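Here the structure is laid out as structure tokens; the discussion comes afterwards.
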Amino acid sequence: QVQLVESGGGLVQAGGSLRLSCAASGSIFSINAMGWYRQAPGKQRELVAGITSGSSTNYADSVKGRFTISRDNAKNTVSLQMNSLKPEDTAVYYCKMYLRAGVGSTRVYWGQGTQVTVSS
């Protein structure tokens, strides 16, 4: 019954900014690590940014200094602030959470994906 819903994608010019958010809903017992991935056509899905339950973060080298990941545990959300966007950032972005639903065990949940297109 758990569902992850993403929002904030769209079309933006190079150098612009977007903020993605992902909210989990349903019978959530706990959420551990969260992250954002992206996949461009013909490319492997790659980790963009991750954040642990202790709020430690890690970023792909290509986005360091430009993107910031954050979480709001009270709202069961993870966000990705994207600044100084480049055409190479164009991809479908997916959020990912390791969470325990109800009385079940911890497993991976994925959002549906949101398109980010950066024009030059």
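Note that the structure is a prediction, hence the values are computed from the model and not measured. For the single chain, residues carry numbers from 1 onward in sequence order.
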Would you name the heavy atoms of [X] and [Y] that are closest together and state the gap between them?
X: L80; Y: A49; result: CD1-CB, 4.1 Å
X: N76; Y: M97; result: O-CE, 3.8 Å
X: R71; Y: N32; result: NH1-O, 2.8 Å
X: V118; Y: K86; result: CB-O, 3.2 Å
X: Y94; Y: Q112; result: CE2-O, 3.7 Å
X: R100; Y: T106; result: CB-OG1, 3.7 Å

Quiz item: Would a line drawn from the ring center of F67 to the ring center of W36 be shorter than 6.0 Å?
Solution: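 No - the distance between ring centres of F67 and W36 does not fall below the 6.0 Å cut-off.
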Quiz item: Should we count OH of Y59 as having more than 12 external heavy atoms under 6.0 Å?
Solution: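 Yes, the 6.0 Å shell around OH holds more than 12 heavy atoms from other groups.
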Rounded to the nearest 0.5 Å, what's the gap from [atom1] on [X] to [atom2] on [Y]? Could you check?
X: K96; Y: R45; atom1: NZ; atom2: CZ; result: 9.0 Å
X: N73; Y: S55; atom1: CG; atom2: OG; result: 6.5 Å
X: S53; Y: L99; atom1: OG; atom2: CG; result: 13.0 Å
X: I31; Y: Y109; atom1: CD1; atom2: OH; result: 10.5 Å
X: N58; Y: I69; atom1: CG; atom2: CD1; result: 8.0 Å
X: D72; Y: S79; atom1: CG; atom2: OG; result: 8.0 Å

Exercise. Determine, for Y93 and R38, whether the Lys NZ or Arg CZ falls below 6.0 Å from the six-membered ring centre while staying within 45 degrees of the axis.
Key: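 No cation-pi geometry.
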Name each donor-acceptor pair under 3.5 Å that joins a side chain in residues 13-28 to protein atoms two or more places apart or in another chain, with its distance.
from: S17; atom 1: OG; to: N83; atom 2: OD1; distance (Å): 2.9
from: R19; atom 1: NH1; to: Q81; atom 2: OE1; distance (Å): 3.3
from: S21; atom 1: OG; to: S7; atom 2: OG; distance (Å): 2.8

Quiz prompt | Note: D61-K64 ion pair, threshold 4.0 Å (strictly below) | solution =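 A salt bridge links D61 with K64.
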Quiz prompt | Single-linkage hydrophobic cluster W110~L47, side-chain heavy atoms < 4.5 angstrom | solution =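 Yes: a chain of side-chain contacts under 4.5 Å links W110 to L47.
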Quiz item: Hey, any chance V103 and V108 share a hydrophobic cluster, counting ILVMFWY side chains that come within less than 4.5 Å of each other, even indirectly?
Solution: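 Result: no, two separate clusters.
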